[in-house]
Visitor: 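Please find one structure pasted underneath; my questions will follow.
In this text the structure is predicted, and so the values were computed from the model without any measurement. Atoms within a ligand are numbered from 1 in the order they appear, just like the ligands themselves. Because only heavy atoms are used, hydrogens play no part in the values below, and waters and symmetry mates are left out as well, while side chains stay in.
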Amino acid sequence: MHDSFEALIGLEIHIQLRTATKAFCPCPVDSFALPNTLTCPVCLGHPGALPVANRAMVEHAIRLGLAVDASIHPASTFSRKNYFYPDLPKGYQITQFHDPICTGGRLDIELDKGRTQTIRISRIHMEEDAGKSLYNSDGIHLDLNRCGVPLLELVTKPDLGSPAEARIALAAVRQLVIYLGISDGEMESGSLRCDANVSVRRPGGAVPTTWTELKNMNSLRNVETALTREIERQVTLLRQNMFIEPCTFSWNDEANRLVATRSKETTSEYRYLPDPDLPPVEVSAALIESLKATQPELPTARRERIMNRYHLPAYDVRILTAEKSLADYYEQAASHLRRKTPEAFRVLCRWTTRELLHAIKEQSSSPEHPVPPGHLAFLVDNIVDSTLTVRTASEVFSVMVRERKHPGDIIKKQDLLQISNPERILDVIETILDRHPELVQKFLSGKTALRRFFIGEAMKATRGRANPSMVARILETELEKRRSRA
Ligand code: ZN
Ligand code: MN
């Protein structure tokens, strides 16, 4: 991209946790509740209200730490990060600063062509979210339901060398938290938010002292685009021998560009103070052991197990497991197959990663919605035992998606079963050959390309339901018969 410069990118990823209640009070977490209905003196910061750390938040933090091989500390502390903003009524955010629950760890990401790269993780800490400001024509509206919702912040070292690598790393974190079951990982709704620190240098040069921060990139694509623009900007400035000011940019989705928001705060401006109301979080070895023992299957392990259990090619398994919901769907459907053979598993995989995935994308819904797993398994059973031709199966599948009916009912109603009765097929072929004596003549005198025409006519006459290999075989015998008669 820029021969004489290299980029250094570090990510700060905020993960909204899936918990029943908030980080430090018993208020429920529900993003669909009416504004300002889920608050209490603790999350609104009334004087004298005492916070208590949510155990589920601590366990989720440990699970993520285990998954990335981080050090999990027996004692970690909470601090107050002081700043003023209307959606932060307390005037400070409870977060972990000096002693986070996890430090270190690594994320192995897969780049193109099977290249992998290890991204070092600096820390994972627990903190609370702020409220939401909604900007209207009549002013700013505040919804404080989100105040105190538990978050994990995962901070990487600046090990990412390009916007594409940053996107892949973020996607890997998203996949991980979904597989762990600790977050829904949705970027559009803000459950997963990504900020980036970025700088550029001459290859092998000293670690840059000036970084800029990019915020509010609410999709994988925006992360890549925003970083590309910012790196361009920094390189242009350096080429002109100009300085790069430390600065924070916010991605504006509508304008499709970065907007400078403020000069970057330094850590000291936040006046981090230990939170006097919260005791240190203690994590016993026994708790770590019990969480380790109940850790869900993670993406790499699942890929390997699916590949071996169902005899599938690595490429297809990658597509199947990219989204946990699709992998779950496939395994459910596989359990419904009548005959659990490698061939049936492969056919099911093809239909899941192509037709089904296509239908999901068209309808942007979860896999269960277009077609229940048992229905797809039924269709695959009928393809594998040659009851349906692939062409007819495609027709049945589109009706399944459109009308949400069981494939058995569609097949019965439209009389779509494959014709594998040799007498019926012979009948069709004889009729065609009798109807075209001059073409039969041409075929016999060497124009063998006409074979395709005869097969096409037979398929047309049976509305595509004739067993194709049977048609080819019977056609051959019939033509031979006519040759010996001639
Ligand atoms: Zn509350
Ligand atoms: Mn944070």
Visitor: Keeping waters out of it, list the protein N, O or S atoms under 2.8 Å from the Zn ion (ligand 1).
Guide: Cys25 SG, Cys27 SG, Cys40 SG, Cys43 SG

Visitor: Angle class for the His311/Phe345 ring planes (parallel below 30°, perpendicular above 60°, tilted otherwise)?
Guide: parallel

Visitor: Any side-chain heavy atom of Ile121 sitting closer than 4.5 Å to one from Ile119?
Guide: no

Visitor: Output all residues satisfying side chain to side chain contact (heavy atoms under 4.5 Å, CB included) with Thr77, sequence neighbours left out; order by chain, then residue number.
Guide: Asp99, Pro280

Visitor: Have a look at Phe97 and tell me which of Tyr270, Tyr272, Tyr92 forms a ring pair (Phe, Tyr, Trp, His ring centres under 6.0 Å) with it.
Guide: Tyr272

Visitor: Which pairs with one or both residues in residues 343-354 pass side chain to side chain donor-acceptor pair (under 3.5 Å), sequence neighbours excluded?
Guide: none

Visitor: So which protein N/O/S atoms does the Mn ion (ligand 2) have within less than 2.8 Å?
Guide: His14 NE2, Glu127 OE2, Glu153 OE1

Visitor: Locate the shortest heavy-atom distance separating Val281 from Phe78; write the atom from each residue and the value.
Guide: CG2-CE1, 3.3 Å

Visitor: Strictly distance-based, threshold 3.5 Å: is any side-chain N or O of Gln96 a donor or acceptor partner for the main-chain N or O of Met126?
Guide: yes

Visitor: What are the two closest non-hydrogen atoms of Ala314 and Met307, and how far apart are they?
Guide: CA-SD, 3.5 Å

Visitor: Do Lys22 side-chain atoms and Glu128 backbone N/O form a donor-acceptor pair below 3.5 Å?
Guide: no

